[in-house]
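Count residues from 1 along the sequence.
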Amino acid sequence: MVQQKHLSTPAMIAFITFMNMFIPLSTDLYLPAMPSMGAYFGASQALVGLTLTVFFFVFAVSLVLFGPLSDKYGRRPILIAGATLFTAASLVCALSTSIYMLLAGRFLQAVGAGAVITTATALIKDSFSGRMMSRILAITQALYCIY
């Protein structure tokens with residue numbers, strides 16, 4: 001185990017678990033509003049459904065891209081950029097005046113979430129090893145599932 005300068009092990013686990021909540025927050029808070037979005041934006045349900053499809057597709061692609069980027073540029077810049085992008089994109093989504101603006105916001109939200117989730121997993125692998133790494137991964141994933 002690599003000793004962190006700023007966080008104890010329980011605090012590190014809590015921080016990583018918090019970062020892993022970006023995806024459930026991005027979907028669980030969003031899904032109940034989908035049926036009424038078509039009427040609000042004057043868009044078809046297919047276009048409204050595309051906002052979810054775009055999110056998950058871009059998220060999956062960004063997971064692959066941010067691993068090597070966080071190896072090259074470091075975990076901290078990727079984590080900060082991802083969290084900032086996710087937050088800004090969430091504001092774009094909240095303030096959307098058209099379905100296309102919402103699609104763009106969901107696209108950017110997925111990129112930010114991908115950066116954060118990738119970095120969170122990399123932090124576990126950087127900070128812990130062996131059985132302890134397996135335990136921490138299990139704990140964070142279990143907390144993710146409980147949410």
Between Ile16 and Ile80, is there a shared hydrophobic cluster once you connect ILVMFWY residues whose side-chain heavy atoms come closer than 4.5 Å?
no
Hydrophobic cluster membership, with links at side-chain heavy-atom distances under 4.5 Å among I/L/V/M/F/W/Y: are Ile139 and Ile124 in one?
yes
How about Leu31 and Leu52: do any of their side-chain heavy atoms sit closer than 4.5 Å?
yes
A side-chain contact here means heavy atoms from C-beta on lying under 4.5 Å apart; do Thr53 and Leu50 qualify?
yes
Using side chain to side chain contact (heavy atoms under 4.5 Å, CB included) as the criterion, list what pairs up with [X], not counting sequence neighbours.
X     : value
Leu95 : none
Ala81 : none
Ser44 : Ala46, Leu47
Arg75 : Ser70, Asp71, Thr119, Ala122, Leu123, Asp126

Write out all pairs satisfying ring pair (Phe, Tyr, Trp, His ring centres under 6.0 Å) with one or both partners inside residues 32-55, taking only residues at least two apart or from two chains.
none
Within residues 57-84 or reaching into it, pairs that qualify as ring pair (Phe, Tyr, Trp, His ring centres under 6.0 Å) - sequence neighbours excluded:
none
Quick check: closest heavy atoms across [X] and [Y], and the distance to 0.1 Å?
X      : Y      : value
Gly74  : Ile78  : O-CG1, 3.4 Å
Ala115 : Gly82  : CB-CA, 3.7 Å
Met19  : Ile117 : O-CD1, 3.4 Å
Gln45  : Met34  : OE1-O, 3.9 Å
Leu85  : Gly112 : CD2-N, 3.8 Å
Gly67  : Thr118 : N-CG2, 3.4 Å

Ring pair (Phe, Tyr, Trp, His ring centres under 6.0 Å) involving Phe86 - partner list, sequence neighbours excluded
Phe22
Fellow cluster residues of Met101, listed by chain then number, with links counted only when side-chain atoms sit under 4.5 Å apart
Val92
For residues 29-38, the side-chain hydrogen bond (donor to acceptor under 3.5 Å, both in side chains) pairs (sequence neighbours left out) are Tyr30-Thr51
Should Thr27 and Phe56 be marked as a side-chain contact (heavy atoms from CB on, under 4.5 Å) after you check the CA-CA gap, both sets of side-chain angles, and the distance that decides it?
CA-CA 10 Å; Thr27 55; Phe56 281 115; 3.2 Å; yes
Could you tabulate the donor-acceptor pairs under 3.5 Å formed by side-chain atoms of residues 102-110, not counting sequence neighbours?
| from | atom 1 | to | atom 2 | distance (Å) |
| --- | --- | --- | --- | --- |
| Arg106 | NH1 | Ser26 | O | 2.9 |
| Arg106 | NH1 | Gln109 | OE1 | 2.8 |
| Arg106 | NH2 | Ser26 | O | 3.4 |
| Gln109 | NE2 | Ser90 | OG | 2.9 |

